[in-house]
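The structure appears right after this line, and notes come after that.
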Amino acid sequence: MAWTWRFEKTDGSEVEPSVVPEEFTTQGDAESWIGEYWKDLLAGGADQVVLFEDATKIYGPMPLNAEG
C-alpha cells in the first residue's frame, strides 16, 4: 500500500508541488512529511492537500494556511 498526497489550489485544481514527495508506506510517515514541508508547499503555490491510500481518498482537502 502506498500513501500519497495530492496538491491543490483552493478551487480543487491540481498543482505540482514545490517539494516532490516520495510514496509513503504508512499514513504516519505521510503526515510527518506534510508537517515538515507544509510551509514550503504553501509558498510554492499549493493551497491544500488531499491524502490517498492507493486510489482511496482518506481525507481532505486540508488547507495548508493557518486561516483554513
Side-chain angles (χ1 to χ4, degrees):
M1 299 206 176
W3 296 81
T4 56
W5 291 104
R6 174 184 158 101
F7 305 91
E8 300 178 343
K9 299 301 285 176
T10 53
D11 65 5
S13 59
E14 189 169 8
V15 296
E16 288 296 318
S18 58
V19 181
V20 180
E22 58 193 84
E23 282 191 350
F24 304 98
T25 57
T26 69
Q27 182 175 353
D29 287 346
E31 291 170 339
S32 292
W33 184 88
I34 207 76
E36 185 173 338
Y37 290 104
W38 71 270
K39 289 180 185 177
D40 296 326
L41 295 163
L42 183 61
D47 296 319
Q48 59 193 24
V49 293
V50 180
L51 182 63
F52 289 87
E53 181 183 15
D54 296 323
T56 303
K57 179 179 171 182
I58 302 303
Y59 63 76
M62 179 179 71
L64 294 175
N65 64 6
E67 291 81 45

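Nothing fancy with the numbering, it's 1 onward along the sequence. Values reported hereafter were calculated over all heavy atoms of this structure, with side chains retained and with hydrogens, waters and symmetry mates removed. Being a predicted model, the structure only gives us computed values, none of them experimental.
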**Message:** Checking Arg6 against Phe52 for the side-chain contact (heavy atoms from CB on, under 4.5 Å) test, could you report, in this order, the C-alpha distance in whole Å, the side-chain angles of both residues, the deciding distance, and whether it holds?
**Reply:** CA-CA 8 Å; Arg6 174 184 158 101; Phe52 289 87; 3.8 Å; yes
**Prompt:** Given Trp5 and Glu23, is the side-chain contact (heavy atoms from CB on, under 4.5 Å) satisfied, shown in steps?
**Reply:** CA-CA 9 Å; Trp5 291 104; Glu23 282 191 350; over 6 Å; no
**Request:** Taking Asp54 for its side chain and Met1 for its backbone only, find out whether a donor-acceptor pair lies under 3.5 Å.
**Result:**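 Not at all, since once roles are kept as given, no pair shorter than 3.5 Å links the two residues.
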**Asked** Does the Asp47 side chain pair with the main chain of Thr10, one donor and one acceptor, at a distance under 3.5 Å?
**Response**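 Here the side-chain-to-backbone pair exists.
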**Prompt:** Can you tell me how far CG of Leu64 sits from NZ of Lys39, rounded to the nearest 0.5 angstrom?
**Reply:**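 Taking NZ in Lys39 and CG in Leu64, the distance rounds to 12.0 Å.
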**Separation of Leu41 CG from Glu16 CD (nearest 0.5 Å)** =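 Output value for this atom pair is 12.0 Å.
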**Message:** Assess, by modelled atom type and distance only, whether the side chains of Thr26 and Asp29 contain a donor and an acceptor separated by less than 3.5 Å.
**Reply:**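 Note: Thr26 and Asp29 side chains meet the donor-acceptor criterion.
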**Prompt:** Cut-off 3.5 Å, side chains only: do Asp11 and Ser13 have a donor facing an acceptor?
**Reply:**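 Per modelled atom types, Asp11 and Ser13 side chains form a pair under 3.5 Å.
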**Message:** Parallel, tilted or perpendicular, judged at 30° and 60°: which one describes the rings of Phe24 and Trp33?
**Reply:**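 It falls in the tilted class, 30° to 60°.
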With the 4.5 Å side-chain cut-off for hydrophobic clustering, are [X] and [Y] part of the same group?
{"X": "Val20", "Y": "Phe7", "answer": "no"}
{"X": "Val50", "Y": "Leu42", "answer": "no"}
{"X": "Ile34", "Y": "Val15", "answer": "yes"}

**Message:** Can you confirm whether more than 12 heavy atoms, excluding those of Lys9, are under 6.0 Å from its NZ atom?
**Reply:**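 Correct, the count exceeds 12.
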